[in-house]
Amino acid sequence: MSEPLRVQVYLARCGLGSRRHCEQYIREGRVTVNGTVAELGAKVRPGDRVALDRKPVVPETTKVYLAVNKPPGMLCANSDPQGRPLVRDLLTDVPERTFHVGRLDYQSSGLIFYTNDGAFSRIVAHPSAGIEKDYVVEAQNPVPEEGLRSYQRGIEVGGERYRLSRYLYKTPRKVVLTLVEGKNREIRRVLTALGVRIRRIHRVRIGCVHVQGIPSGGYVPLSRKDVRWFMQRGASA
């Protein structure tokens, strides 16, 4: 580090999570700079000592980009008071500290990225980059097309507005839904409101990367070509 950085940016570069997650650590009073509890926007300068929960943190020098095929029944989180299994536990042989980009809910499965690059995380997660995500949804009853049309036009559920980019029927009970923003538990909330009894939600694509070929519970590093594809979307956003 050759110039001052805001403490949340510094923490993100240390592989501790997205900038938003790092801001939460600061709000909780868990971060110190030179022994003093940090505030949002505080600057970290060369030579400063930064700690999270009293443990020193330093920026990662090696950038890591992983595509993980999350099984159902695992949590995208750094810890869980209920002791549920974590996706990060699948990465025990990865020496660098990584964090999830966006998330999949506990019951859902499929493609999710883990990285220690905050800039990459922001590009993939922020809707301004226009990066599409495909989800295969299997239901116990037919998925109503009129409901999907409403979802595509924009639909409000529980005071939150959601919008689908497009949809494709495989069978009456199996559809592929494409989202750009993808809010928390969006598909589950919207389809439940439409009377759909969901059996499975499985994310199969993020941008140029597909889950095909990655076994459940496994992961592969993204290629340089893939990483460059995402970074270019960020540059043009």
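Worth saying up front: this structure is predicted, and the values here are computed from it rather than measured. Residue numbers start at 1 and run along the sequence shown.
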Between Y114 and E96, is any side-chain donor less than 3.5 angstrom from a side-chain acceptor?
-> no
Using the side chain to side chain contact (heavy atoms under 4.5 Å, CB included) rule, take Q152 and R163 through it: C-alpha gap first, then chi angles, then the decisive distance, then the call.
-> CA-CA 5 Å; Q152 199 169 25; R163 189 167 185 174; over 6 Å; no
Supply the atom-to-atom distance N69 CG to Q212 CD, rounded to the nearest 0.5 angstrom.
-> 11.5 Å
Calculate, to the nearest 0.5 Å, the distance between atoms OH and CG belonging to Y167 and L177 respectively.
-> 10.5 Å
Going by heavy atoms in the side chains, are R27 and Q8 under 4.5 Å from each other?
-> no
Could you tell me which residues satisfy ring pair (Phe, Tyr, Trp, His ring centres under 6.0 Å) with H202, sequence neighbours excluded, listed by chain and number?
-> none
Do R49 and T32 touch side chain to side chain, with heavy atoms closer than 4.5 Å?
-> no
Flag if over 12 foreign heavy atoms under 6.0 Å of NE2, H21 | yes
Heavy-atom pair of closest approach, residues V204 and L111 | O-CD2, 4.4 Å
Check: V57 main-chain N/O paired with Y10 side-chain donor or acceptor under 3.5 Å | yes
What pair of heavy atoms forms the shortest contact from S165 to V180, and how long is it?
-> OG-CG2, 3.5 Å
Output, in order, the C-alpha distance, side-chain angles, deciding distance and verdict of salt bridge (charged side-chain N to carboxylate O under 4.0 Å, His left out) for E146 and R149.
-> CA-CA 5 Å; E146 183 51 47; R149 290 197 192 101; 3.1 Å; yes
Could you tell me the separation between the CG atom of D93 and the CG atom of L91, rounded to the nearest 0.5 Å?
-> 7.5 Å
Residue list, side chain to side chain donor-acceptor pair (under 3.5 Å) with S216, at least two apart or on another chain = none
Taking the side chain as every heavy atom from C-beta outward, state whether V136 and K174 have any pair of such atoms under 4.5 Å apart.
-> yes
Atom pair CD1 (I155) and CZ (R161), whose distance is rounded to the nearest 0.5 Å = 8.5 Å
Output the distance between atom OH (Y25) and atom CG (L40), rounded to the nearest 0.5 Å.
-> 14.0 Å
State which residues pass side chain to side chain donor-acceptor pair (under 3.5 Å) with S108; sequence neighbours excluded, sorted by chain then number.
-> D105, R188
Qualifying ring-ring contact (aromatic ring centres under 6.0 Å, His included) pairs with a residue from residues 207-235, counting only residues at least two apart or across chains | F113-F230, F120-F230
Compare all side-chain heavy atoms of V31 with those of V7 and state whether any distance is below 4.5 angstrom.
-> yes
For the residue pair D48 and R45, what are the closest heavy atoms and their distance?
-> OD2-N, 2.7 Å
Which atom names give the shortest non-hydrogen contact between H100 and G102, and what distance separates them?
-> ND1-O, 2.7 Å
More than 12 foreign heavy atoms under 6.0 Å from CZ of R153: is that the case here?
-> yes
Side-chain donor-acceptor contact under 3.5 Å, N116 with R97 = no
Would you mind writing out the side-chain donor-acceptor pairs for residues 194-201 within the sub-3.5 Å range, not counting sequence neighbours?
from	atom 1	to	atom 2	distance (Å)
R200	NH1	E138	OE2	3.4

Around atom CZ of R30, are there more than 12 heavy atoms of other residues, nucleotides or ligands at under 6.0 Å?
-> yes
Check whether any side-chain heavy atom of R228 lies under 4.5 Å from a side-chain heavy atom of M231, and answer yes or no.
-> no
Quick one: does L11's side chain get under 4.5 Å of I26's, heavy atoms only?
-> yes
Is NZ or CZ of R84 both nearer than 6.0 Å to the six-membered ring centre of Y106 and within 45° of the ring axis?
-> yes
Between R166 and E132, is there a side-chain N and carboxylate O pair less than 4.0 Å apart?
-> yes
Return yes when atom CD of E145 has more than 12 non-hydrogen atoms of other residues, nucleotides or ligands closer than 6.0 Å, and no otherwise.
-> yes
Taken in chain and number order and not counting sequence neighbours, the residues that satisfy salt bridge (Lys or Arg N to Asp or Glu O under 4.0 Å) with K183 are E160
